[in-house]
Amino acid sequence: MPKRSPEERIRDFNEVALGYDEQMAVKEASRCIQCPEAPCIKGCPVGINIPKFIKFIRERKFEEAYRVVKEGSPIPAITGRVCPQEKQCEKYCTLAKLGQPIAIGALERFVADWAKERGVHVDLQQIDKRSERVAVIGSGPAGIVFATDLAKLGYDVTVFEALHEAGGVLVYGIPEFRLPKKIVREELAYMKDLGIDIELGIVVGKTVSIHELLEEYHAIFIATGAGHPRMLGVPGENLNYIYTANEFLTRVNLMKAYLFPEYDTPIHRGRRVAVIGGGNTAMDAARAALRLGAEEVYVLYRRTREEMPARREEIDNAEEEGVKFIFLVQPTGFKGDSQGNVSDVLLMKMALGEPDESGRPRPIPTGETTDIQVDVVINAIGFHPNPVIPMTTPEIRTDNRGRIVVDSDGRTSMRRVYAGGDIVVGEGTVIEAMGWGRKAALAVHKDLAIEKKLSIAVHKR
Amino acid sequence: MNKVLSKKVLASNVKEIDVYVPRIARVAKPGQFVIVMPDEKGERIPLTLVDWNSFEGWIRLVFLEIGVTTYKLGLKEVGESLYYIVGPLGNPTYVGKFGTVIIVGGGVGIPAAYPIARAFKEVGNYVISIIGARTSKLLIYEDRIREVSNEVHVTTDDGSKGFKGFTSDMLANLLESGLKPDLIWMVGPAPMMKSCSAIAKKYGVKAVASLNPIMVCGMGMCGACRVTVAGRTRFACFEGPEFDADKVDWDELIKRLNMYRKEEQEALNRFRGALASIAMQR
């Protein structure tokens, strides 16, 4: 997919990838061999009929292609941009074995953007309203799919969001240059079209309890995600300008600190920035720091490039833009100046050992140390599930890592309460969370139908 | 929703507003706080709940106009709405029957001490309040504090009212004179709480401090409010805001509170300039 040049793009927060034009899309779609077994669909957590929409693109029936995509993903302009297709649909593409898989993500994005530019909407079918009311906690990827799926079935759906904008990680976490917020807002407008009520500024567990919600709603879906930062637990981690990735990205993305002082939320613009971690969040933070004017941005990772969990594409983007990688190092502490501002990251050099439970080689301290001078540090080592609901609702069973325990359909230990996405799996992707939303929506639909039948049977007697 | 129902100027640059938010008023408890944004471009800032009425659906907030966000809040007139309010956040104060409880409130922290003093008194504690300000003109909420205390001691830095000195000096005097409280509860500027904490420790009295770090999310997601307590990193928003005072790393908290001084000043100058040019055009 065409991208803006690194020299140009690091000067602003505008989107990096430019997307296909019609000609490129048709050309790419024409490579699809339409294999009858369609292994790509198996790789899609929301089951988009991929060969069908690609065939429509080839026939230049873009509107029809859009309808097919939208059936699977209610937010195709977003999933087309942020899904790790190389680990999903594109991984299973028959052509992958022969060399280059079809660029399914790029094609999905193309049809979504095409439809948006032309104002094409999916006609909302007249659906019979059901009397059952369903509450969704969290308006991120899992909540969006769950809410739209049930609204399409006629349920009365209310989404509760704690922040001042809907979208969850799509608005506070993923930066503008990877996912423009205008696109998120446009995609979420579809929820309003479906009649879904989104209530902002409500922390379930604080403003209202799960028990209270159960009195008003027939079912509740918890999709509060994994947004509680993991700390390093080393000396000096609370020195000034050591950010968690979530604070750094929330300031930049949700609060628009990159536009300070037009927007009121400040961010410390570092000259030498260290980002700790090797995932997509680390790449997002590093690239955002560059755009805020940093001269040097270092990604510090305790294993090597091969083990980095970030998408290859994002690592390449970061590298093209000038982010430097230091591998096989682990922070052991931070030093600061007299004002309490961070000045150095102290590092232990690591070596790779035997594979650990994740299957990756375990990093082992070598005893050799080093340090680098910095004025901003961003901790992107990972997240825990959000603690508020588990803390305030002990009836909902969690595991030793704070994740809500569910059965394969998303049912929790509390009756009529379901959960899915990162609050259940820990740290997954946007599309995996969406898959959970779909699964749980089906379970709710089924359970409520059974309950209705039973209650009718009881009434008859 | 989020509508300003009434507004009072308590002192120079100190304002009190009642805001209509029934969902928060319904469940608010002493010691909890809210996060507010005055407008779409605003910052998210924490403000302690000073009072609330679950029947009428309002909450009361008091703030010192010190930065752009608080100035913007102060410009909201009765009938106008705040862009966003979320809460109640944080853990409520543990209000037990201890016996004698000293409540220390400094500056704009005094209104935050009010619901706490009230709650402690309601359950039968003997409440001694120490309230202090730089000067008598900045001393707010004295009458309200008197309503909910058995004894009140007033201090001003310049001696324009009450005892000349800091609240911590008054606390030291009381403890030195043989008073043996069962609990000291404090809220106010971090340096004040640091001093009071040291005094409480010296006399072996359990002390609880309500911390006021910089916050962004207020619900455990960002960690802007990190504090070190007993050597461990804690998030003041969802694990606090109250901690054992003598376990808090006060110097770290004070430094963290100053982290954005330069940016805050820059934003404020710009904001004042914009206001001045609007005033000129009129």
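Throughout, a chain's letter reflects where its sequence line sits, starting with A, and its residues are numbered from 1.
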Heavy-atom distance under 4.5 Å to chain B: side chain of [X], backbone, both or neither?
X	result
F248(A)	neither
L259(A)	neither
L232(A)	neither
N240(A)	both
T250(A)	side chain
E165(A)	neither

Report the distance from atom [atom1] of [X] to atom [atom2] of [Y], rounding to the nearest 0.5 Å.
X	Y	atom1	atom2	result
C225(B)	E247(A)	SG	CD	8.5 Å
F238(B)	T392(A)	CZ	OG1	11.5 Å
N91(B)	K206(A)	CG	NZ	5.0 Å
L163(A)	M221(B)	CG	CE	6.0 Å
C222(B)	L249(A)	SG	CG	11.5 Å

Donor-acceptor pair, Y84(B) side chain versus L200(A) backbone, under 3.5 Å?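 Answer holds: no.
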Where the side chain of R270(B) meets the backbone of P261(A), is there a donor-acceptor pair that is under 3.5 Å apart?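 Yes.
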When [options] are compared by non-hydrogen pairs under 4.5 Å with chain A, the top option:
options	value
T69(B), V216(B), D251(B), T233(B)	T233(B)
R232(B), K72(B), K262(B)	K72(B)
G90(B), G67(B), G218(B)	G90(B)
A28(B), G220(B), G223(B)	G220(B)

Below 4.5 Å from any heavy atom of chain A, which atoms of [X] appear? Answer side chain, backbone, both or neither.
X	answer
I214(B)	side chain
M37(B)	side chain
V227(B)	backbone

Between [X] and [Y], what is the shortest heavy-atom contact and its length?
X	Y	value
E263(B)	P266(A)	CB-CB, 3.7 Å
D264(A)	G42(B)	OD2-CA, 3.3 Å
M219(B)	V203(A)	CE-CG2, 4.0 Å

Given side-chain contact (heavy atoms from CB on, under 4.5 Å), test N341(A) with K255(B) step by step and report yes or no. CA-CA 8 Å; N341(A) 302 337; K255(B) 284 172 184 162; over 6 Å; no
Tell me, out of [options], who's got the most heavy-atom pairs with chain B below 4.5 Å.
options	value
I242(A), L254(A), N379(A)	I242(A)
G227(A), A257(A), A245(A), S209(A)	G227(A)
Y263(A), Y241(A), Y243(A)	Y263(A)
R251(A), Q339(A), E237(A), M231(A)	R251(A)

Test item: [X] and [Y] side chains (from C-beta on) under 4.5 Å apart, heavy atoms:
X	Y	answer
R256(B)	L239(A)	no
F260(A)	K41(B)	no
F235(B)	P229(A)	yes
E212(A)	R26(B)	yes

Does atom [atom1] of [X] have more than 12 heavy-atom neighbours from other groups under 6.0 Å away?
X	atom1	result
E40(B)	CD	no
K3(B)	NZ	no
L75(B)	CG	yes
K181(A)	NZ	yes

Verify the distance criterion only: is there a donor paired with an acceptor across the side chains of N238(A) and T228(B) at less than 3.5 Å? yes
Evaluate the criterion side-chain contact (heavy atoms from CB on, under 4.5 Å) for residue pair V86(B) and I202(A); output intermediate values, then yes/no. CA-CA 6 Å; V86(B) 67; I202(A) 296 194; over 6 Å; no
